[in-house]
Amino acid sequence: MTDSKYFTTTKKGEIFELKAELNSDKKEKKKEAVKKVIASMTVGKDVSALFPDVVNCMQTDNLELKKLVYLYLMNYAKSQPDMAIMAVNTFVKDCEDPNPLIRALAVRTMGCIRVDKITEYLCEPLRKCLKDEDPYVRKTAAVCVAKLHDINAQLVEDQGFLDTLKDLISDSNPMVVANAVAALSEIAESHPNSNLLDLNPQSINKLLTALNECTEWGQIFILDCLANYTPRDDRESQSICERVTPRLSHANSAVVLSAVKVLMKFMEMLPKDLDYYGTLLKKLAPPLVTLLSAEPELQYVALRNINLIVQKRPEILKHEMKVFFVKYNDPIYVKLEKLDIMIRLASQANIAQVLAELKEYATEVDVDFVRKAVRAIGRCAIKVEQSAERCVSTLLDLIQTKVNYVVQEAIVVIKDIFRKYPNKYESVIATLCENLDSLDEPEARAAMIWIVGEYAERIDNADELLESFLEGFHDESTQVQLQLLTAIVKLFLKKPTETQELVQQVLSLATQDSDNPDLRDRGYIYWRLLSTDPVAAKEVVLAEKPLISEETDLIEPTLLEELICHIGTLASVYHKPPSAFVEGSRGVMHKRLPARTGSGEGTESPDVGNAAGGSAAEAAPSIIPSQGDLLGDLLNLDLAPPTTTGPPPPTSGMQMGGMDLLGGGLDSLLGGDIGGSPAMGSGFGAAPAVMPASLNAPVGGGLGDLFDLGGGVGMPMGAYIPPKTVWLPAMKAKGLEISGTFARRAGVIQMELVLTNKAMSVMTDFAIQFNRNSFGLAPAGPLQVLTPLGPNQTIEVSLPLSTVGPVMKMDPLNNLQVAVKNNIDVFYFSCQYPISMLFVEDGKMERQVFLATWKDIPNDNESQFQIQDCHLNSDAASNKLQGSNIFTIAKRTVEGQDMLYMSIKLSNGIWVLAELKVQAGNPNYTRNLRKRGVGSVIVYQATKATLKNSIVYLTTFSK
């Protein structure tokens, strides 16, 4: 009778009966009882109460019973760690059993019991088993090392198991070698920088020798390990390829794909004119074709891998087009993947065959497959220029079928063909227009509208066609609305006299009646272009368009190289690198083909890159994109300074700029070049992300005595407010004159406005809005003009500002674009705010923090410049500067010069440290600044103080 009887019981309350049977003197009865316990455990019943009784059954010579007990232990040891200790003695004893199966079973079970208390007892038995005379025990022990490393990595390293594991790579038994490689690879994945698998030609030779005698899974482990090796030269690469090639004929598809991965990688190092290179290409095709005769699921995995291979080396399968032709009984996922590969392999030699197939597919019943087939015809036209006419003819034949979804897909791909071959196939437009009424899908409608707008001068009734779309404008999708707006503007520029009403109608619908910001913005752009400069509008809207590329869906080359290194894994099925879907630290190592690794893209250590002249900023992401960067998501920028990877950062709340937070752009404010001081010393210390709150360690040497000499720092004067200037003259704003300035009061930035009505009518309903700007300035509330502004009246308004608005780099950086609206119109102007408005009140560093930071920043990051004709002594200068939040941390006198040490903090968290040298009787000051980050942040802080109480602060941020 089979063991299924143990799973059919419906008895309840049988724990007591099982307990009695487990303690029976009869071996058979005891074995039956353990089987019942395992069956109950398997179906989810809690039998943990029987733990002591089951453990007592370990003392037996019966191998089957021992296996059952060990299985129970693995399942319940974690929930009963104290009880599991009872089994340790039996494990240790079993590890010395004469039977190698029992020795291996004991060490395997101990490795599977993930209880910290047991791991320390496992070390000695494991050490013996790693050097056991029986290869079966050694191979089991090798895997156990990886399991133990996962539980307690430090213990494995301290006990020297990793070195023993490396020695097993030279073992005489191929299965031991394979398991040792598998264990080391597993450990290396969780510790990418450990360099455990230090492969060399000798160890590679041993692995290749073991490869021929391993089981299929052992071969996969060894092949995957070989794929991580980089040969010294093309001769070694060829030698490895020759010894791996026989694996291509293996029955297991995983072995075949692993072998393909090794060959694809090592082929990079072979010269293309080598005879063996051509031979290898021919040998790679048959095994890949054979994979397509497996069941559909395996076919799909093979096709996803082949998709990558043909993108890298299409010549491998260029003569195998027929095997990718779709079969009637293929699942849809296999059909779509085959279709994709067919297009990638399409060439002038086989295009007739491919088109005949695709036309046949377009008459199938599966709608998704038909759509993909029609699109494939268009892609063939774009890829193989000689076939374009035949493809267009095929598409016209499909349009004549009047099958709705076929017609719509055909129109979408014909639009792409027009983009690729302008002024070549326009004769088909009449046929397309006949099907206008049947289009109901947004993409097809948008494509048709594009065609009508692009070739409006050739279509007599283009205005009527576009007007028919305009009737239901608000019901259309955004894609169609945008295309319709552009098409009508194109039509107007080509036929201005006939379509003036139409263009006014669409601009009104887009700007006044639409809630979509993209549509509204495009409408305003067109409206202003057409109203201010129709010639410029024509140049912009009707500009010659770039031809679309032959292959818009190829995987990016760097990603493709990485995916080739992961053939046969999930990454090759997802077409994503492992780091995109593997959580935690594992699988995030980026692999490259050999040709890439020799290109100088060093990833060894940041110091090496800097020593070679590399800039940390080149690798760092740009926080604020340039004004022309349309892809930057400017509304969701994280302006916090990035965490750096240098020395361990101290802790505090004061943020330091560890990278170029603003890009270049404020140089124009300085009115001339500022020469930096020559570099002194060197260093590659990365900036800590935050500053220390306190430094308990004694700080000695250098500036150590500086902070005992802080005298002479008096009370600050008030912050300087620049005089008001006219920002918007009345003649440009229909009688409204706006002048103003900026001030900082009690930590709040104020925009001081004076509004004067020089018109003859009353002005009401004032509102204000800022464009995105470098520091995120935005109104903190509405513009408070509570009473109507009569003719010749003036009103002063104070508008509080915040710094949490959207960010975009301006030129110059302190430029602010403003829109003011009233009952008459919307008016635009720009002004420049003084950078001193952004200096915050908590910009005074603690003295020891300042000292530690000043010493930590390399001399290379110091800039020096002169402030001319300033007739203030050091104390007066310090007071004036403190009034504008430039804080003097300490002062000392050296050789008749007063040295003021200062700190500044901007509203976005950037810190600047400064040294001001003032000599009595000398009106010229010397200003030194130190900034964080080697080559990533250069901050020039120019401070000019005059006797007339005007202080101007100019800051430049550049790389």
Side-chain angles (χ1 to χ4, degrees), residues 227 248 253 256-270 272 277-278 280-289 291-292 299-326 333-351 354 358 372 375-385 387 416 420 548-581 590-597 599:
L248 293 173
S253 53
V256 173
L257 285 175
S258 292
V260 168
K261 172 168 61 181
V262 175
L263 297 174
M264 285 290 290
K265 183 173 180 180
F266 291 174
M267 278 172 75
E268 290 289 313
M269 298 190 71
L270 297 177
K272 291 195 174 183
Y277 182 86
L280 197 53
L281 285 178
K282 291 176 184 173
K283 286 183 177 178
L284 276 169
L288 293 173
V289 170
L291 291 175
L292 299 182
Q299 275 189 60
Y300 179 72
V301 173
L303 287 165
R304 292 294 281 176
N305 282 275
I306 289 168
N307 201 326
L308 297 174
I309 292 165
V310 297
Q311 286 185 59
K312 184 69 181 172
R313 299 196 183 282
E315 61 270 27
I316 292 175
L317 291 162
K318 66 181 179 181
H319 300 303
E320 306 292 343
M321 176 63 83
K322 281 191 175 180
V323 299
F324 298 107
F325 286 174
V326 171
Y333 55 87
V334 171
K335 285 181 178 180
L336 295 177
E337 206 59 41
K338 282 185 174 179
L339 209 51
D340 206 29
I341 295 169
M342 281 172 64
I343 299 159
R344 298 200 191 287
L345 292 175
S347 64
Q348 195 175 346
N350 57 26
I351 193 68
V354 171
L358 293 176
K372 187 96 180 221
R375 295 224 172 188
I377 295 170
R379 282 174 62 187
C380 287
I382 292 166
K383 184 178 181 184
V384 186
E385 188 171 349
S387 73
D416 290 338
K420 176 69 175 176
I548 59 175
S549 62
E550 289 182 9
E551 284 287 356
T552 54
D553 59 341
L554 284 175
I555 293 174
E556 190 269 325
T558 312
L559 175 58
L560 180 62
E561 286 192 357
E562 185 173 357
L563 293 177
I564 291 290
C565 294
H566 289 290
I567 284 176
T569 68
L570 268 180
S572 65
V573 178
Y574 289 156
H575 287 189
K576 292 179 181 179
S579 55
F581 58 88
H590 294 284
K591 298 182 180 180
R592 295 286 175 86
L593 295 176
R596 285 278 176 183
T597 53
S599 64

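Residue numbers start at 1 and run along the sequence shown.
When the side chain to side chain contact (heavy atoms under 4.5 Å, CB included) test is applied to Glu320, the partners found at least two apart in sequence or on another chain are Ala285, Val289, Leu317, Val323. Partners of Ala376 under the side chain to side chain contact (heavy atoms under 4.5 Å, CB included) rule, at least two apart in sequence or in another chain, are Leu339, Ile343, Leu358. The salt bridge (Lys or Arg N to Asp or Glu O under 4.0 Å) check on Lys338 picks up Asp330, with sequence neighbours excluded. Applying the side-chain hydrogen bond (donor to acceptor under 3.5 Å, both in side chains) test to Glu337 and every residue at least two apart in sequence or in another chain returns Arg304, Asn307. Shown here are the side chain to side chain contact (heavy atoms under 4.5 Å, CB included) partners of Ala571, two or more places apart in sequence or in another chain: Leu563, His566, Thr569, Pro578, Phe581. Under the side-chain hydrogen bond (donor to acceptor under 3.5 Å, both in side chains) criterion, Tyr277 pairs with Arg313, sequence neighbours left out.
Within the 3.5 Å criterion, the main-chain N or O of Ser347 finds a donor-acceptor partner in the side chain of Asn350. Looking at Asp416, its side chain never comes within 3.5 Å of a backbone N or O of Ala381 through a donor-acceptor pair.
A 4.5 Å side-chain heavy-atom check between Met342 and Arg379 finds every atom pair outside the cut-off. Inter-residue side-chain proximity for Leu248 and Val260 is flagged as met; some heavy-atom pair is nearer than 4.5 Å.
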Evaluate side-chain contact (heavy atoms from CB on, under 4.5 Å) for Leu284 paired with Ile309, printing each intermediate quantity in order. CA-CA 10 Å; Leu284 276 169; Ile309 292 165; over 6 Å; no

Between Leu291 and Ile306, does the side-chain contact (heavy atoms from CB on, under 4.5 Å) criterion hold? Intermediate values first, please. CA-CA 10 Å; Leu291 291 175; Ile306 289 168; 5.7 Å; no

Please evaluate residues Leu560 and Leu308 with respect to the criterion side-chain contact (heavy atoms from CB on, under 4.5 Å), reporting the C-alpha separation (whole Å), side-chain torsions for both, the decisive distance (0.1 Å), and the verdict. CA-CA 7 Å; Leu560 180 62; Leu308 297 174; 3.9 Å; yes

For a side-chain contact (heavy atoms from CB on, under 4.5 Å) check, start with the C-alpha distance between Glu561 and Lys312, then their side-chain angles and the critical distance, and finish with the verdict. CA-CA 8 Å; Glu561 286 192 357; Lys312 184 69 181 172; 4.0 Å; yes

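The local environment of OH in Tyr574 is sparse, with at most 12 non-hydrogen atoms from other residues, nucleotides or ligands closer than 6.0 Å. Around atom CD of Glu315, more than 12 heavy atoms belonging to other residues, nucleotides or ligands sit under 6.0 Å away.
Across Leu280, Leu270, Leu281, Ile567, a single residue satisfies side chain to side chain contact (heavy atoms under 4.5 Å, CB included) together with Leu263, and that is Leu280.
Under a 4.0 Å N-O distance rule, the pair Arg344/Asp340 qualifies as a salt bridge.
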